[in-house]
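What follows is a set of notes on a single structure, which appears directly below.
By convention in this document, chain letters (A, B, ...) are assigned in the order of the sequence lines, proteins followed by strands, and residues within each chain are numbered from 1.
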There are 2 protein chains.
Amino acid sequence: MVKLPSETSGYHHGNLRQAMVDAATELARTGGPSAIVLRGVARSVGVTATAAYRHFAARSDLVDAVAERGYERMAKSMLAELARVRATGDPRRDAIERLQAEGRGYVRFALDEPGLFATAFEHDRFGTEIPAQYDWGPSPWGLLCEALADLRDVDLLADHDVEGGALYAWAAVHGLAVLLLSSLSNLSPEHGTALIDAQLEYIVRGLCSDLPGSAVPGVDGSDRP
Amino acid sequence: MVKLPSETSGYHHGNLRQAMVDAATELARTGGPSAIVLRGVARSVGVTATAAYRHFAARSDLVDAVAERGYERMAKSMLAELARVRATGDPRRDAIERLQAEGRGYVRFALDEPGLFATAFEHDRFGTEIPAQYDWGPSPWGLLCEALADLRDVDLLADHDVEGGALYAWAAVHGLAVLLLSSLSNLSPEHGTALIDAQLEYIVRGLCSDLPGSAVPGVDGSDRP
DNA sequence: GGTATATGTTAACACTGTGAACATTGCCTC
DNA sequence: GAGGCAATGTTCACAGTGTTAACATATACC
């Protein structure tokens with residue numbers, strides 16, 4: 001007979017790993033990665049602290065599991081914003097708006113779930129390897145690359161710029177998210193969203209506008225208005 | 001008679017605060033903020049752990065002191081790169097190169113001193129206030145604003161874009177620094193510096209090139225080559 | 001049904017930050 | 001110079017933390 005996860009028989013929990021990741025996620029949401037304390041998580045799911053070591057080799061593995069969940073939700077946030085853009089008929093404009101929507105979803109997730117965002121990117125360990133690539137469904141990076149490919153398909157981006165452009169956009173968006181949570185955390189929400197919009201505008205300009213002088217141009221005659 | 005800081009009389013240390021910040025900085029350099037452990041720092045300067053509380057209200061204050069030192073060194077790194085740019089006679093090109101030099105110094109510092117960089121920006125506390133502005137000499141933010149003002153003075157930037165542009169550039173550079181230390185940490189050094197150069201190029205394009213359609217343009221006729 | 005294995009538990013260790021009470025030193029005033 | 005006060009360090013102590021070793025129990029498989 002297949003045992004349902006719900007029927008906890010007292011001693012054996014059923015599926016403790018899942019329960020611990022759930023509890024740890026909830027803690028991380030409100031308190032960030034440092035709020036994931038093993039003993040507390042174990043206690044909150046009604047189990048002894050050392051039981052955790054049957055499912056995680058160390059606390060950091062539990063944190064990693066929460067981080068992965070954070071990536072998942074971030075991708076969802078990007079997809080949600082993506083679903084809000086409505087086609088205008090102009091494929092170029094559509095491609096731009098899709099890219100910006102993904103960026104908006106990225107930063108929105110950071111602002112809505114600062115704890116999970118911080119957990120996802122807080123690999124405090126210097127020199128230590130990060131857990132390679134995550135392989136569940138659509139990753140934030142994968143989504144971004146698709147958007148850049150779309151931009152290329154409508155001739156707004158050179159072929160050889162797709163990967164570099166993706167890294168540029170990622171860094172620009174990620175940096176804003178991080179700063180909004182730390183150094184700029186006392187900004188008003190309105191100012192915050194204005195900053196996001198401005199950033200997405202700058203990013204598109206950096207990607208899609210080519211200055212005539214190829215390398216470091218003294219900039220051509222097209223001054224400002 | 002003025003007592004020299006060097007003459008420790010056994011019981012009284014002389015200037016313990018300074019010594020502890022020094023030791024903590026060294027620990028943070030190699031191990032990041034989490035390597036700053038109060039008892040260890042105290043022991044390493046030959047004093048009991050609780051003695052620290054005569055100079056710091058809590059461990060976090062010691063970390064903050066190290067963070068401030070990190071900001072200081074980052075500014076120095078930016079100034080160092082700034083000193084390397086040589087005037088070309090074209091004031092516009094010079095202004096651009098100065099901005100890029102500052103950005104390079106910013107990211108270089110992050111790569112050269114990942115522990116201090118992480119400590120400077122690791123205000124893990126969510127919702128908690130960050131320690132306002134730092135008031136020692138030239139701050140990274142101040143330097144950046146000067147560079148943007150220079151850009152405006154040579155008509156490469158609109159007046160109302162100075163602050164927004166500075167935030168954009170800061171975020172774009174900061175994001176790259178963070179990613180190079182975390183998700184992109186296994187890149188080769190050459191690839192890393194190439195990425196930095198590319199990012200600085202993109203940033204200037206975003207700042208200094210104006211697309212004809214003001215808002216979200218479908219982009220004008222200037223396709224790709 | 002009996003046994004191996006997965007999964008929890010208890011006891012214990014070496015750490016951590018931090019507070020209270022006590023001790024020593026140096027400076028300031030008479 | 002002598003005495004007292006404030007600054008600075010020390011000793012205990014406590015409540016936490018992650019983690020290991022040895023033991024207990026329930027589940028799955030032959």
At their closest point, which heavy atom of B/Y168 faces which heavy atom of B/G206, and how far apart are they?
OH-CA, 3.7 Å
Of the listed D/dT11, C/dT9, D/dT17, the closest approach to the A/T48 side chain comes from C/dT9
Interatomic distance, A/M20 CE vs C/dT7 C1' [rounded to whole Å]
13 Å
With sugar-phosphate meaning primed atoms plus P, OP1 and OP2, does A/R59 contact a base, only sugar-phosphate, or nothing at under 4.0 Å between heavy atoms?
sugar-phosphate
Provide, to the nearest angstrom, the distance between the OH atom belonging to A/Y53 and the P atom belonging to C/dA11.
18 Å
Within the side chain of B/S188, is there an N or O that forms a donor-acceptor pair under 3.5 Å with the backbone of B/H191?
yes
Checking contacts here: which listed nucleotide (D/dT19, C/dG8, C/dT18) is nearest the side-chain heavy atoms of B/R39?
C/dT18
Looking only at the side chain of B/R54 (C-beta and beyond, no hydrogens), which of the listed nucleotides C/dT9, D/dT19, D/dT8 gets closest?
D/dT8
Using modelled atom types only, decide if a donor and an acceptor are shared between the side chain of A/E113 and the backbone of A/G70 within a distance under 3.5 Å.
no
Taking the six-membered ring for Trp, is the centroid-to-centroid distance between A/Y202 and B/Y202 below 6.0 Å?
no
Are any of B/H55's side-chain N or O atoms less than 4.0 Å away from OP1 or OP2 of D/dA7?
no
The residue, A/L16 or B/G40, whose nearest nucleotide of DNA chain C is more 5′ is A/L16
To the nearest Å, how far apart are B/R43 CZ and C/dT16 P?
6 Å
Per atom distances to the B/A51 side chain, the nearest of C/dT9, C/dT18, D/dG9 is D/dG9
Counting only distance, no hydrogens or angles, is the base of D/dT11 paired donor-acceptor with the side chain of B/T50 under 3.5 Å?
yes
